[in-house]
2 protein chains.
Amino acid sequence: MSTAVRPSLIEISPHTTRPTALPDHVYAVLKQRILSCALPPNERLIEKKLCAELRVSRTPLREALNRLSHEELVSFQPHAGYRVAGITLAGFKNLIELRSIVEPQAAALAAERATPADLAALRAQATQPHDPSEEHSFIQYCQANSHFHLLVVRCARNSMLENIVMSALDMYQRPTYLRIGRQMDPSNPSSKHHAIVDAIERRDAEAARTIMRQHIQGGGERIMAALQAAHIT
Amino acid sequence: MSTAVRPSLIEISPHTTRPTALPDHVYAVLKQRILSCALPPNERLIEKKLCAELRVSRTPLREALNRLSHEELVSFQPHAGYRVAGITLAGFKNLIELRSIVEPQAAALAAERATPADLAALRAQATQPHDPSEEHSFIQYCQANSHFHLLVVRCARNSMLENIVMSALDMYQRPTYLRIGRQMDPSNPSSKHHAIVDAIERRDAEAARTIMRQHIQGGGERIMAALQAAHIT
DNA sequence: ATAAATTAGCTTGTATACAAGTATACAAAT
DNA sequence: ATTTGTATACTTGTATACAAGCTAATTTAT
């Protein structure tokens with residue numbers, strides 16, 4: 001490829017890993033565009049066009065596409081190419097079920113294992129304010145929400161759990177964005193988050209588990225209703 | 001690459017997916033060799049040598065290596081290449097914790113959702129005999145065991161859970177093999193399996209969850225002891 | 001003799017050419 | 001008008017050449 005200055009590839013990245021090598025850049029950019037719906041669901045992803053746009057050759061691009069397809073953010077058929085993964089009600093139900101299984105247990109472990117530094121970080125993230133008058137407020141709010149859940153699972157000190165929850169939170173992002181325009185959670189998720197931190201702080205694993213489960217299932221049902229209202233099957 | 005007849009690439013594959021394209025073949029072969037310890041932990045994986053041996057070019061090989069590294073069956077450092085992932089006690093603890101979280105809940109869901117056909121398949125797999133006098137008996141026994149757990153999670157009808165458990169079962173394989181030579185589980189896992197099927201059959205989600213949790217934790221502790229005895233940190 | 005530095009070899013990273021397969025558009029027949 | 005067959009253009013699959021970077025061995029200086 002040319003040695004010309006590469007355009008700023010990294011825009012924003014929800015939970016990125018090594019932002020070093022070329023395939024990782026491409027992965028991060030595509031993931032951001034997919035999760036933000038800048039690349040809409042079911043959009044065809046043609047290697048040559050993406051190569052030209054991102055100024056990379058097909059090799060690192062294909063590596064990124066492969067990663068995304070294994071994370072089920074893009075779908076793939078042999079010799080028929082890649083598409084941005086569609087959003088389905090069934091898929092979202094599976095996702096909620098997964099989160100309802102893993103995150104409450106992770107919260108219970110967090111209650112046993114969180115350090116004082118962890119607690120401080122959790123409290124800070126739960127307190128994170130968002131200005132509803134701002135244009136980007138809803139997206140910021142979603143990402144802050146997501147980050148809080150990530151911090152909780154990190155307290156469980158289990159990288160496998162962490163990876164699963166990270167991936168689940170990523171997949172949760174697009175269905176959430178479809179709710180843009182609708183009112184936010186009337187039960188105020190921030191107070192739920194504080195309640196979770198409270199439980200972790202007093203080492204009450206059972207309460208942490210229960211509140212987390214209710215929090216996830218409540219939010220999930222609201223989004224499912226929105227999906228059905230949007231006639232997404 | 002040459003058009004000469006390709007050697008039989010697929011040997012045995014625990015849980016393989018599309019066995020169609022070249023990268024999938026390579027993936028399946030490498031995975032089998034890694035999980036069976038034919039490629040021992042920490043072995044360096046040099047692209048050129050593997051290419052020559054498997055008669056493929058670097059492109060499909062690298063795709064397979066990438067997949068394996070994201071599944072944490074091979075480790076990777078930029079410009080320093082791939083190695084077969086090491087086996088660590090900490091990693092195994094995380095794995096047990098993950099399985100203890102996901103599989104009991106999956107068993108509970110299975111109790112709600114299993115069809116008569118599911119129940120028949122579960123019962124058949126739990127009854128699967130193994131001949132302790134056979135040379136390959138231990139490995140067959142492990143794989144039958146693994147397959148039973150896979151069937152249970154399939155009854156939960158959630159592909160995300162299924163993928164997580166499939167991956168976890170794969171990662172469980174190598175630590176189990178290190179126990180070769182030691183006696184098998186004296187508490188007879190087959191009877192535990194039947195107890196799980198019993199619970200699912202009578203739609204007793206609570207019992208299914210409990211028995212599955214005890215089964216996983218019991219087996220995990222025995223293997224952990226073996227790992228420590230083998231001085232694996 | 002030991003340790004640091006340099007260089008040679010090897011391995012991985014990227015780009016691109018070529019092969020194989022697919023989809024679409026167009027034409028012809030029902 | 002609809003459907004089916006075919007050909008063309010396009011997309012993906014694989015191989016390989018070249019560039020960049022790491023490893024390790026060898027040499028030199030202390």
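Note: hydrogens, waters and symmetry copies are ignored here, and every other heavy atom, side chains too, is used. Proteins come first, then strands; the chains are lettered A, B, ... in the order of their sequence lines, and each starts at number 1.
In this structure, the CZ atom of R58(A) is 8 Å from the P atom of dG13(D), given to the nearest Å. Rounded to a whole Å, the CG atom of L61(A) is 13 Å from the C1' atom of dT14(C). Rounding to whole angstrom units, NZ of residue K48(A) and C1' of dC10(D) are separated by 8 Å. Going from atom NE2 of H25(B) over to atom P of dT14(D) covers 10 Å, rounded to whole Å. Taking atom CG of L45(B) as the reference point, atom C1' of dT12(C) lies 13 Å away to the nearest angstrom. Taking atom NE2 on H79(A) and atom C1' on dG21(C), their separation rounds to 4 Å, with Å as the unit. As a whole-Å value, the separation of E47(B) CD from dT14(C) C1' is 12 Å. Here the P atom of nucleotide dT11(C) and the CD1 atom of I46(B) are 5 Å apart, to the nearest Å.
Ring planes of H193(A) and H215(A): perpendicular class, angle over 60° (limits at 30 and 60°).
Ion pairing between E63(B) and R67(A) fails under the 4.0 Å rule for side-chain N and carboxylate O. With respect to E72(A) and R83(A), no salt bridge is recorded, no charged nitrogen being found less than 4.0 Å from a carboxylate O. In summary, D24(B) and K31(B) do not engage in a salt bridge, as defined by a charged side-chain N under 4.0 Å from a carboxylate O.
Of all nucleotides listed (dA23(C), dT23(D), dT14(D)), dT23(D) comes nearest to the side chain of A80(B).
Comparing Y82(A) and T59(A) against DNA chain D, the residue whose closest nucleotide sits nearer the 5' end is Y82(A).
Side-chain N/O atoms of R62(B) include one lying less than 4.0 angstrom from OP1 or OP2 on dG13(C).
Residue contacts shown for L65(A) are absent, as no nucleic acid heavy atom lies under 4.0 Å away.
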